[in-house]
Visitor: 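First the structure, which I've put down as structure tokens, then a few questions once you've had a look.
Sequence lines set the chain letters: A, B, ... in the order given, protein chains first and strands last, and positions in each chain run from 1.
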Amino acid sequence: MNASVSWLNAFSDSPRSAVELRDLLTAHTATVEELIALRADLSAIVIGKVVEEAPHPDSDHLHITKVDMGTGELLDVVCGAPNVTAGKFYPFAPTGTTLPGGLTIQKRKIRGHTSNGMLCSARELGLGEEQDGIMELDVNVAPGTPFLSALDVGDTKLVVDVLPNRPDLLSHLGLAREIAAVTGSDINLPDIGVGHIAIPEPKRFRRAGNAGGIVLHLEDARLATRYMGAVIRGVTVGASPQWLVDRLGAVGSRSINNVVDATNYVLHELGQPVHAFDLTSVDPEPKMPEKTIVVRSAKDGETLVTLDGVTRKLTSDMTVIADSVNPIALAGVMGGKDTEVGETTTDIFVEVATFDAPRTRRTRRAAGLSTDASYRFERGVDVALAPRALHRVTSLIMALAGGAVEHAPVDLYAGDVPHTPVVLRSSRVARVLGIPLEAARIAHLLKRIGCSADVEDGNAAIHVIAPTWRRDLVGEVDLIEEVARLHGYDELPDTIRPYRPGTSHDAPLWTQSARLRDALSGAGLFEARPTPFVAGGDEHVRVLNPLAENEAHLRRSLLESLARRAEFNLSHMQGNVRLYEIGSAFEKGADALPEETVRVALLVMGDRDPAHFTNAKPAQIDAWDAKGFAELVARIVAPGQAVLAPSEPGGDVLWNIVIGGETLGHVSRVSLDAPVWASPAFGVELIIGSMPNGDIAPPGEHAHGEPTTTTPRVVPPYRPLPVTPASEFDLALLVPDSVRAADVERAIRSAAGDLLERLVAFDVYEGAGVEPGHRSVAWRLTLRHPERTLRDKEIEGRRAKILTALQGELNVRQRST
Amino acid sequence: MLPENPTSEQYLAYAIDLATRGASAFAAATDDDALEDARIQFLGDKRGELLVLQKGLGMLSPDARRDGGRAFNEAKTTLNAALDEKRTALRSATSSGPRIDLTMPARERWRGGKHPVTLVIDEIVEIFRELGFTVALGPESESEWYNFGSLNFPPDHPAMDLHDTFYLADGALLRTHTSPVQVRTLQKYPPPIRILAPGTVFRRDPFDASHAPAFAQIEGLAVDEGISFVDLKATLTLFARRFFGGNRRMRFRPSYFPFTEPSAEMDMECVLCNGVGCSACKGTGWMEILGSGMVHPSVLEAAGIDSERYTGWAFGMGPGRIAMLRYGLPDIRLLYDSDVRFLAQVAE
């Protein structure tokens with residue numbers, strides 16, 4: 001909502017500055033986001049005082065003056081105005097200033113005398129037309145004061161953020177009403193010089209009525225609560241006076257002609273949209289004895305050319321104003337081109353209606369066209385405003401364009417719905433706001449915003465009826481909010497009061513995510529927060545209204561997002577990419593909602609370590625690094641329970657992460673759209689929990705069970721530290737390609753028994769010296785007896801037993817050196 | 001001096017004496033010249049005392065030579081070690097031509113780090129944790145009822161225009177705010193409730209310098225008997241002072257959210273201009289920090305909570321916006337591109 005400061009001040013006897021208005025409205029009503037000086041083009045103009053004046057020796061009309069502009073030195077200025085007088089103040093444009101007309105003032109010589117700037121006339125400043133000299137100012141300020149702050153010229157525009165619950169603020173009347181409520185003052189409609197114009201009283205009908213040569217029909221009361229219209233005959237369409245052009249200009253509305261401007265004026269002043277039709281063009285070939293105007297639903301297939309020249313296809317979702325044949329306006333949104341008021345118009349039909357809010361919203365959405373009118377109707381226009389607005393707009397049109405209302409205007413309206421009072425308990429006010437307020441004080445505050453408020457039940461309750469323009473005040477809590485903001489949020493204390501701890505504890509997924517973030521950040525990975533949108537395909541959950549086709553689906557895996565982020569980095573020549581994310585992925589679900597799981601994923605590629613002078617060409621990250629990261633993640637997610645099971649060869653998946661018999665993740669190669677210099681990328685992804693999105697309980701109910709308890713963390717028990725020495729030996733084994741390391745490990749462990757403390761494969765060799773179809777794997781075994789030192793014989797015995805088992809079970813032999 | 005034809009005992013004692021004197025002389029040298037003089041005295045090629053000791057070995061009886069040889073070797077090792085030690089010490093003490101350039105860079109390990117938005121969330125959680133709040137989570141894919149209906153959004157109302165929504169199916173959407181977690185928590189746990197709900201939310205805005213279709217939000221909710229607007233103001237003011245530091249001025253101004261009433265937006269004195277007015281605060285001197293309000297009774301009723309008995313307050317804020325403010329980011333896309341150069345810059 002754009003508001004003009006001078007327009008707002010016209011409602012009141014005590015004008016306020018733009019800054020005061022901003023602070024008042026922001027603190028109590030709606031946020032003023034910006035103050036815009038409307039004559040910023042005059043910001044460089046200052047007040048100049050002519051200290052000396054003498055005629056120019058070489059000219060009969062020029063004057064040589066000395067001007068004080070507050071800089072401490074007097075400037076020589078040549079001036080051609082007949083009225084320049086020593087001792088007087090004038091607007092002064094120093095050199096370098098660009099005037100509204102586009103002229104930039106420069107230091108120049110005029111008939112041999114230097115001139116450092118210009119004393120300005122009103123016309124030169126765009127402030128009027130008189131040309132009889134420079135603008136003599138009756139001010140008492142220091143020379144050099146900015147012109148705009150010294151004089152009341154140049155309105156300021158307030159940009160007010162009006163939220164959807166307060167449609168009553170979408171007008172100067174509404175904002176003025178609030179300022180008055182907050183300051184405790186009175187308001188009157190601005191005097192616009194129309195005096196008193198006699199207009200016949202409107203006549204009330206339910207569905208149809210004759211406004212004088214035209215019959216109005218309201219087909220369905222659900223389309224409009226109220227529909228008023230008046231016929232004005234004999235108008236002369238022409239230009240608007242300057243004050244009207246300025247007022248509309250201040251709120252960003254362009255002047256069109258006096259009739260249209262009058263309707264726009266009333267919209268911005270009262271918040272009531274008004275439309276004027278050229279009566280001659282309405283129903284040019286009536287089917288009935290008189291012209292007809294109908295408020296009805298559009299029919300599919302109808303078209304209408306709106307004022308903006310666009311041909312619109314109408315649908316039955318839209319409400320239209322139609323004559324006996326065709327739609328002539330999109331109700332509450334925009335008028336039609338054919339019935340536009342123009343220079344040749346002499347008779348007009350003025351429409352002042354209260355169109356239904358949701359219905360206007362549908363019309364506006366179906367047409368894809370939002371206007372000042374639709375914006376207000378969608379949010380709700382005060383039904384009581386229509387007669388007042390009709391009177392205001394017809395008076396203004398007649399004052400500006402002449403003409404007369406010969407027939408009583410029509411008012412199609414079922415009548416006021418009586419308001420049921422809302423009971424406001426002062427005890428409830430105290431409970432919600434945290435401080436007690438006297439019932440009388442509460443009533444006083446509510447009366448200031450136009451409520452009727454009667455204190456009853458011995459101060460315990462206040463019976464409140466909201467004014468017609470505050471349809472948002474329907475419940476007790478709505479009134480409490482009014483009391484709070486009028487009393488002032490700033491007036492409430494902000495001291496901490498005692499509280500009880502809550503019954504819920506940290507979500508386990510949150511705790512786990514925090515541990516994962518710590519571990520992965522510590523391991524040299526950066527956390528990413530990509531969006532879940534991917535190009536995807538049929539297997540993905542689709543977004544019904546995506547922003548673009550290449551992000552029309554929700555990811556099924558976090559690695560889909562991380563892969564795109566890796567490519568982004570590669571495109572910026574960053575080959576060392578180590579990213580992780582904890583986030584949601586989505587699978588198609590049984591009903592409308594997808595199945596959502598929370599996962600941890602990471603993608604690594606590039607150098608394993610930063611380059612160093614001792615290691616100029618670091619090794620590249622490989623699958624074993626990825627496996628290590630997977631083990632790191634699995635240790636946090638499922639301590640001691642996760643198994644990295646090798647996957648079937650051939651695919652991108654290298655290992656599956658199996659927890660409790662279920663495959664919940666994997667380690668994989670990640671294919672990227674990568675430049676040739678990029679090293680291979682590896683990914684790890686693991687589901688860490690499901691995120692149920694079904695109902696906790698049916699609407700209006702809860703599912704509070706027994707208080708939940710947390711299970712203490714399970715840790716491995718202490719094992720006594722060894723007191724006996726260990727024995728170590730290595731086995732170099734010749735392993736056929738068909739035998740896996742895990743098989744060898746199992747055979748060794750089972751043959752070695754309890755004495756085996758540690759078993760590590762520390763070298764793999766293939767090539768010269770190793771039989772084809774085999775590889776040589778070296779294992780280091782650590783044996784220890786808990787109570788005594790092992791004898792050489794015992795160790796030798798184990799060694800032989802292991803070798804026998806390997807040979808027998810797996811055909812694995814010791815490698816002959 | 002080593003006697004002529006020394007006995008085994010004399011030789012051994014002298015070897016020890018020589019080693020001790022030599023080591024002390026080396027240690028006592030204060031510069032390279034003094035050390036060189038001492039070296040010539042004890043280890044000189046022509047008349048060094050160690051050379052004399054070596055020659056003396058030949059004068060021992062064959063039986064004593066084995067022990068003598070060992071004593072000689074020990075003396076030699078001791079002297080050489082003492083000389084090397086002193087040389088190194090002198091070298092590192094003077095700046096003349098070090099052999100190891102210790103200004104060379106350390107062997108680093110890759111640095112990683114949490115996302116700046118996570119760091120902001122963690123800090124917010126830390127402060128509220130001290131005030132008894134725990135963390136609750138909810139799904140990003142939500143039903144229309146939890147996202148709008150339960151939160152008192154009137155159907156087909158202009159309030160919905162502020163929540164341009166991604167729909168997944170009829171009645172299913174991507175949550176437009178973290179507020180559905182309020183209702184989920186209220187249904188699941190009985191009051192008193194004190195929770196924070198961080199998470200990703202979605203609005204159908206294309207990426208530009210200040211908009212993202214998916215971004216972080218953090219919600220707070222306190223519900224109990226006797227909770228009032230004073231508690232809201234007190235807690236949020238305390239939080240903001242802790243988070244932003246100092247005694248910054250705060251203000252609460254009226255606002256509108258369907259799920260709170262009274263609703264309030266909290267502003268803080270602009271951190272860039274300290275309230276004077278600058279381009280960042282559009283000349284107002286204030287910066288919007290969060291939206292808040294008293295939980296609307298219909299939200300409590302939607303979760304099956306008696307709204308006469310219980311009251312509550314809630315707030316929501318954008319950690320991404322705070323991260324932008326904090327790091328001076330000109331473009332919100334920096335937070336979502338995952339550019340490793342940016343993430344390395346902000347890693348803590």
Visitor: Would R529(A) and T118(B) satisfy side-chain hydrogen bond (donor to acceptor under 3.5 Å, both in side chains), going step by step from the backbone distance to the final call?
Guide: CA-CA 9 Å; R529(A) 283 182 165 262; T118(B) 302; 3.2 Å; yes
Visitor: Start with the C-alpha distance between L168(B) and L554(A), add both sets of side-chain angles, then the distance that settles side-chain contact (heavy atoms from CB on, under 4.5 Å), and finish with yes or no.
Guide: CA-CA 9 Å; L168(B) 301 177; L554(A) 298 182; 3.8 Å; yes
Visitor: Under the 3.5 angstrom rule, does the side chain of R431(A) hit a backbone N or O of R309(B) as a donor-acceptor pair?
Guide: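 Side chain of R431(A) to backbone of R309(B), a donor-acceptor pair under 3.5 Å: yes, one is there.
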Visitor: Heavy-atom distances under 4.5 Å only: say whether F568(A) touches chain B with side chain, backbone, both or neither.
Guide: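 Just the side chain, heavy atoms under 4.5 Å.
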Visitor: For a quick test of reading the model, state the closest non-hydrogen atom pair linking S338(B) to R565(A) and the distance between them.
Guide: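 So the minimum-distance heavy-atom pair works out to OG-CD, 3.3 Å.
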Visitor: Heavy-atom pairs under 4.5 Å with chain B are the metric here; pick the option from V32(A), D23(A), I496(A), I435(A) that has the most.
Guide: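 The candidate making the most pairs under 4.5 Å is I496(A).
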Visitor: Out of curiosity, D161(A) CG to E288(B) CD, how far, rounded to the nearest 0.5 Å?
Guide: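 The CD atom of E288(B) is 8.5 Å from CG of D161(A), to the nearest 0.5 Å.
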Visitor: If every non-hydrogen atom of P213(B) is compared with every non-hydrogen atom of L547(A), which pair is closest and at what distance?
Guide: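 That would be CB-CD1, 3.8 Å.
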Visitor: Relative to chain B, which of A507(A), G700(A), P594(A) shows the most heavy atom pairs under 4.5 Å?
Guide: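 Maximum pair count with chain B is reached by G700(A).
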Visitor: Report which part of Y375(A) has an atom under 4.5 Å of a heavy atom belonging to chain B: side chain, backbone, both, or neither.
Guide: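 Neither part.
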Visitor: For the residue pair Y489(A) and F229(B), does the interplanar ring angle fall in the parallel (under 30°), tilted (30 to 60°) or perpendicular (over 60°) class?
Guide: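 Rings of Y489(A) and F229(B): tilted, as their planes differ by 30° to 60°.
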Visitor: Sort out for me which of E108(B), M104(B), M250(B) touches chain A most, counting heavy-atom pairs under 4.5 Å.
Guide: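 Option with the top pair count is M104(B).
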Visitor: Answer with side chain, backbone, both or neither: which region of P546(A) has an atom nearer than 4.5 Å to a non-hydrogen atom of chain B?
Guide: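 The backbone, not the side chain.
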Visitor: So which of V543(A), I480(A), N165(A) has the largest heavy-atom pair count under 4.5 angstrom toward chain B?
Guide: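 Max contact count across the listed options: N165(A).
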Visitor: Between R107(B) and T614(A), do the side chains contain an N or O donor and an N or O acceptor separated by less than 3.5 Å?
Guide: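 A donor-acceptor contact under 3.5 Å links the two side chains.
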Visitor: Would you find a donor on one side and an acceptor on the other, under 3.5 Å apart, between the side chain of H115(B) and the backbone of E581(A)?
Guide: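 The answer is no, because no donor-acceptor pair under 3.5 Å joins these two groups.
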Visitor: Where is the tightest heavy-atom contact between W510(A) and I121(B), given as atom of each residue plus distance?
Guide: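 Of all heavy-atom pairs spanning W510(A) and I121(B), the closest is CH2-CG2, 3.8 Å.
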Visitor: So which of P501(A), G502(A), S521(A) has the largest heavy-atom pair count under 4.5 angstrom toward chain B?
Guide: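 Highest number of heavy-atom pairs under 4.5 Å: S521(A).
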Visitor: Mind running side-chain contact (heavy atoms from CB on, under 4.5 Å) on D478(A) and E261(B) for me, showing each step along the way?
Guide: CA-CA 7 Å; D478(A) 300 322; E261(B) 192 159 27; 2.5 Å; yes
Visitor: Could you tell me which portion of N615(A) (side chain, backbone, both or neither) has an atom closer than 4.5 angstrom to a non-hydrogen atom of chain B?
Guide: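 For N615(A), neither part sits under 4.5 Å from chain B.
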Visitor: Heavy-atom distance under 4.5 Å to chain B: side chain of N576(A), backbone, both or neither?
Guide: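 The answer is both parts of N576(A).
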Visitor: If I take atom CZ from residue F586(A) and atom CG from residue L174(B), how far apart are they, to the nearest 0.5 angstrom?
Guide: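 So the gap between those two atoms works out to 6.0 Å.
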Visitor: Check each atom of R608(A) against the heavy atoms of chain B and say whether the ones under 4.5 Å are side chain, backbone, both or neither.
Guide: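 Looking at R608(A), just its backbone touches chain B.
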Visitor: Minimum heavy-atom separation for A27(A) to P254(B), with atom names?
Guide: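 For A27(A) and P254(B), the tightest heavy-atom pair comes out as O-CD, 3.1 Å.
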Visitor: Any chance you could measure I193(B), atom CD1, to R500(A), atom CZ, to the nearest 0.5 Å?
Guide: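 Interatomic distance, I193(B) CD1 to R500(A) CZ, rounded to 0.5 Å: 11.0 Å.
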Visitor: Measure L525(A) against the heavy atoms of chain B and call it side chain, backbone, both or neither at under 4.5 Å.
Guide: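 Just the backbone, heavy atoms under 4.5 Å.
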Visitor: Give the minimum heavy-atom separation between V477(A) and H296(B), together with the two atoms involved.
Guide: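 Residues V477(A) and H296(B), closest heavy atoms: CG1-NE2, 3.7 Å.
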Visitor: Quick check: closest heavy atoms across Q187(B) and I696(A), and the distance to 0.1 Å?
Guide: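 Looking at all heavy atoms of both residues, the shortest contact is OE1-CB, 3.3 Å.
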Visitor: Are any side-chain N or O atoms of Y499(A) and backbone N or O atoms of L131(B), one a donor and one an acceptor, separated by less than 3.5 Å?
Guide: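 Indeed, once roles are kept as given, a pair shorter than 3.5 Å links the two residues.
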Visitor: Within the side chain of H612(A), is there an N or O that forms a donor-acceptor pair under 3.5 Å with the backbone of A106(B)?
Guide: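 Yes, because the side chain of H612(A) sits within donor-acceptor range (under 3.5 Å) of the backbone of A106(B).
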Visitor: Evaluate whether atom CG of D208(B) has more than 12 neighbouring non-hydrogen atoms of other residues, nucleotides or ligands under 6.0 angstrom away.
Guide: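 For D208(B), atom CG is crowded (more than 12 foreign heavy atoms under 6.0 Å).
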Visitor: Would you call the rings of F202(B) and F533(A) parallel, tilted or perpendicular, where under 30° means parallel and over 60° means perpendicular?
Guide: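 Perpendicular, since the angle between the ring planes exceeds 60°.
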Visitor: Could you check Y256(B) against R166(A) for side-chain contact (heavy atoms from CB on, under 4.5 Å), going step by step and ending with a plain yes or no?
Guide: CA-CA 9 Å; Y256(B) 168 69; R166(A) 292 297 306 272; over 6 Å; no
Visitor: Relative to chain B, which of D609(A), T495(A), V598(A), N569(A) shows the most heavy atom pairs under 4.5 Å?
Guide: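 Max contact count across the listed options: N569(A).
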Visitor: In chain order, what residues pass the side-chain contact (heavy atoms from CB on, under 4.5 Å) check against A514(A), with sequence neighbours excluded?
Guide: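 A514(A) satisfies side-chain contact (heavy atoms from CB on, under 4.5 Å) with no residue once adjacent residues are dropped.
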Visitor: Does N545(A) use its side chain to pair, donor to acceptor, with the backbone of Y167(B) at less than 3.5 Å?
Guide: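 Side chain of N545(A) to backbone of Y167(B): a pair is present.
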Visitor: At a 4.5 Å cut-off on heavy atoms, which part of T165(B) comes close to chain A: side chain, backbone, both, or neither?
Guide: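 Backbone only.
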Visitor: Who wins among E301(B), M294(B), E225(B), K188(B) for the most heavy-atom pairs under 4.5 Å with chain A?
Guide: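 Most pairs with chain A among the choices: K188(B).
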Visitor: So what's closer than 4.5 Å to chain A heavy atoms on F207(B): side chain, backbone, both or neither?
Guide: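 Looking at F207(B), just its side chain touches chain A.
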Visitor: To the nearest 0.5 Å, what is the distance between CG on D224(B) and OG1 on T503(A)?
Guide: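 Separation between the atoms: 9.5 Å.
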Visitor: Could you go through the salt bridge (charged side-chain N to carboxylate O under 4.0 Å, His left out) check for D518(A) and K114(B) one step at a time?
Guide: CA-CA 8 Å; D518(A) 283 339; K114(B) 295 180 196 177; 2.7 Å; yes
Visitor: Measure from the side-chain N and O atoms of D506(A) to the backbone N and O of T134(B), and report whether any donor-acceptor pair falls under 3.5 Å.
Guide: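 Here the side-chain-to-backbone pair does not exist.
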Visitor: So what's closer than 4.5 Å to chain B heavy atoms on T29(A): side chain, backbone, both or neither?
Guide: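 The answer is the backbone of T29(A).
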Visitor: So for P610(A), is it side chain, backbone, both, or neither that comes closer than 4.5 Å to the heavy atoms of chain B?
Guide: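 Backbone plus side chain of P610(A), per the 4.5 Å heavy-atom cut-off to chain B.
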Visitor: With distance as the sole test, does E596(A) use its side chain to make a donor-acceptor pair with the main-chain N or O of P139(B) at under 3.5 Å?
Guide: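 No.
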Visitor: Does L186(B) offer a backbone N or O that forms a donor-acceptor pair with the side chain of H704(A) under 3.5 Å?
Guide: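 Between the backbone of L186(B) and the side chain of H704(A) there is a qualifying donor-acceptor contact (under 3.5 Å).
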Visitor: In terms of heavy-atom contacts, does CD of E587(A) have more than 12 from other residues, nucleotides or ligands at under 6.0 Å?
Guide: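 Yes - once you tally the heavy atoms of other residues, nucleotides and ligands closer than 6.0 Å, there are more than 12.
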Visitor: Rounded to the nearest 0.5 Å, what separates atom CG in D490(A) from atom CZ in R251(B)?
Guide: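 Reported value, rounded in 0.5 Å steps: 8.5 Å.
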Visitor: Run the side-chain contact (heavy atoms from CB on, under 4.5 Å) check on V230(B) and R497(A) step by step: do they pass?
Guide: CA-CA 8 Å; V230(B) 170; R497(A) 293 176 176 178; 3.6 Å; yes
Visitor: Which bit of E378(A) comes within less than 4.5 Å of chain B, counting heavy atoms only: side chain, backbone, both or neither?
Guide: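 When you check distances to chain B, atoms from both the backbone and side chain of E378(A) fall under 4.5 Å.
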Visitor: Against chain B, work out which of S584(A), A697(A), A528(A) has the most heavy-atom pairs shorter than 4.5 Å and name it.
Guide: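 Sorted descending by pairs with chain B, the first entry is A697(A).
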Visitor: Under a 4.5 Å heavy-atom cut-off, does chain A meet the side chain of A303(B), its backbone, both or neither?
Guide: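 Answer is backbone: N, CA, C or O of A303(B) sit under 4.5 Å from chain A.
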Visitor: Any chance you could measure L509(A), atom CG, to L137(B), atom CG, to the nearest 0.5 Å?
Guide: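 The CG atom of L509(A) sits 6.5 Å away from the CG atom of L137(B).
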Visitor: Should the heavy atoms of other residues, nucleotides or ligands under 6.0 Å from CZ of R109(B) be counted, would the total exceed 12?
Guide: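 Open.
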